K.L.:
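Dropping the structure in here first, questions after.
The structure displayed is predicted, hence computed values, not measured ones.
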Amino acid sequence: MYIVFDKEDAQALERSFELDERLTSEILIAEDDWSIGPIKSIVRDEGETTRAEWLSGLGVQLPEQDVIQLIKEKLDAEPDSKAVIWVAPNNRDVCGYYRLVSALQSYKGRITNIWLNNLPFINEKMQVFYPNFLKEILPGEFVKARKLELEITSSTFETDPDEWIRLTEENDLLRISDGGKKVTGKQADFFDKEITSFLQNDWQKISRLLLAVRSKSKYHPSRAFLLWRIREMISGQKIDARGEWPSTENFDIKKLQAEPQPEVSDE
């Protein structure tokens with residue numbers, strides 16, 4: 001079975017099966033984005049907030065089915081089967097890898113991975129590029145990438161789960177992939193400067209701002225996280241907004257205009 005972290009990535013991978021049926025396999029999607037939100041509960045003065053509750057505040061619901069439990073059930077049902085984790089160089093995939101490898105240690109020898117970090121691919125214009133997501137890869141390039149599969153070794157299973165333990169203990173609301181397998185926890189306001197840099201003096205649709213930040217940022221932030229952060233900035237009077245910003249995406253934003261200073265008389 002193949003494991004990916006996004007529906008569009010799964011669709012792109014599935015299209016490659018038409019070129020080589022020998023590579024056809026079931027695809028499981030680990031939809032929970034472990035790069036955002038608390039990994040364990042947050043304890044504040046008002047009580048405990050679980051991961052599910054925090055994500056719900058972003059309008060994100062946890063998948064109904066636990067994909068890790070599903071992977072284990074399938075591996076147990078078919079002792080000769082294995083799981084291949086596809087990892088592209090983005091926050092969601094790298095954090096997802098650490099979550100999975102920490103949970104699948106008892107399946108050593110049956111878990112492999114394909115890391116796409118710093119690997120060149122060919123796009124539709126026959127140009128070399130470095131994809132950030134699986135969905136950016138052409139079907140034929142998937143066939144080539146499949147040859148990069150490597151077994152997760154016993155030594156890796158001894159060290160990489162420690163990274164997940166570290167991230168869990170830090171329990172930041174944001175985790176950033178800094179290249180390769182390095183992940184760093186960040187404060188919730190990490191993208192505020194980038195958000196502010198794309199604000200204009202005139203009103204613009206929130207969808208336009210989100211697209212600009214996500215396409216230009218080298219960290220490829222989660223759309224849900226950015227939208228939540230923008231709402232927090234509006235509430236904190238750092239951004240001007242009009243429309244139904246607390247509850248829908250039907251709103252406009254612009255730079256917060258400074259209040260005009262009263263004229264001081266010389267008399």
K.L.:
I'd like to check the side chain to side chain contact (heavy atoms under 4.5 Å, CB included) partners of Q187; sequence neighbours left out, ordered by chain and number.
P.N.:
D172, D189
K.L.:
Which residues pass the side-chain hydrogen bond (donor to acceptor under 3.5 Å, both in side chains) test with Q11, not counting sequence neighbours?
P.N.:
none
K.L.:
Can you run down the side-chain hydrogen bond (donor to acceptor under 3.5 Å, both in side chains) pairs that involve residues 16-27, sequence neighbours left out, and say none if there aren't any?
P.N.:
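Of all non-adjacent pairs touching residues 16-27, those that pass side-chain hydrogen bond (donor to acceptor under 3.5 Å, both in side chains) are D20-R22, E26-K74.
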K.L.:
Under the rule for side chain to side chain contact (heavy atoms under 4.5 Å, CB included), what residues qualify as partners of V60, not counting sequence neighbours?
P.N.:
L55, L58, A224
K.L.:
Scan for salt bridge (charged side-chain N to carboxylate O under 4.0 Å, His left out) pairs involving residues 79-103, sequence neighbours excluded, and state none if there are none.
P.N.:
D6-R92, D9-R92, K82-E149
K.L.:
With salt bridge (charged side-chain N to carboxylate O under 4.0 Å, His left out) as the rule and sequence neighbours excluded, what pairs involving residues 101-126 come up?
P.N.:
none
K.L.:
Check side chain to side chain contact (heavy atoms under 4.5 Å, CB included) between T50 and all other residues, then give those that pass, not counting sequence neighbours.
P.N.:
S41, A52, E53
K.L.:
Salt-bridged, E169 to R166, with N to O below 4.0 Å?
P.N.:
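Not counted as a salt bridge, because no side-chain N and carboxylate O are separated by less than 4.0 Å.
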K.L.:
Using modelled atom types and a 3.5 Å cut-off, is there a donor and acceptor pairing between side-chain atoms of R229 and backbone atoms of F191?
P.N.:
no
K.L.:
Checking S154 now: which residues fulfil side-chain hydrogen bond (donor to acceptor under 3.5 Å, both in side chains) with it, not counting sequence neighbours?
P.N.:
none
K.L.:
Which residues, ordered by chain and number, are linked to L116 in its hydrophobic cluster, where ILVMFWY side chains connect at heavy-atom gaps below 4.5 Å, directly or through other members?
P.N.:
Y2, V4, L13, F17, L19, L23, I27, I29, V84, W86, I114, L119, F121, F129, L134, I137, F142, V143, L148
K.L.:
Who are the side-chain hydrogen bond (donor to acceptor under 3.5 Å, both in side chains) partners of D178, not counting sequence neighbours?
P.N.:
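T184.
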K.L.:
With N90, which residues qualify under side-chain hydrogen bond (donor to acceptor under 3.5 Å, both in side chains), at least two apart?
P.N.:
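Listed in chain order: nothing, the list is empty.
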K.L.:
Out of curiosity, D252 CG to K205 NZ, how far, rounded to the nearest 0.5 Å?
P.N.:
4.5 Å
K.L.:
Can a side-chain donor-acceptor contact be found between T112 and E151 if the only test is distance below 3.5 angstrom?
P.N.:
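No.
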K.L.:
Is a donor from one side chain sitting under 3.5 angstrom from an acceptor on the other, for D162 and Y98?
P.N.:
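Distance-only check fails for D162 and Y98.
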K.L.:
Residues two or more places apart in sequence or in another chain: which of them pass salt bridge (charged side-chain N to carboxylate O under 4.0 Å, His left out) with K181?
P.N.:
D160
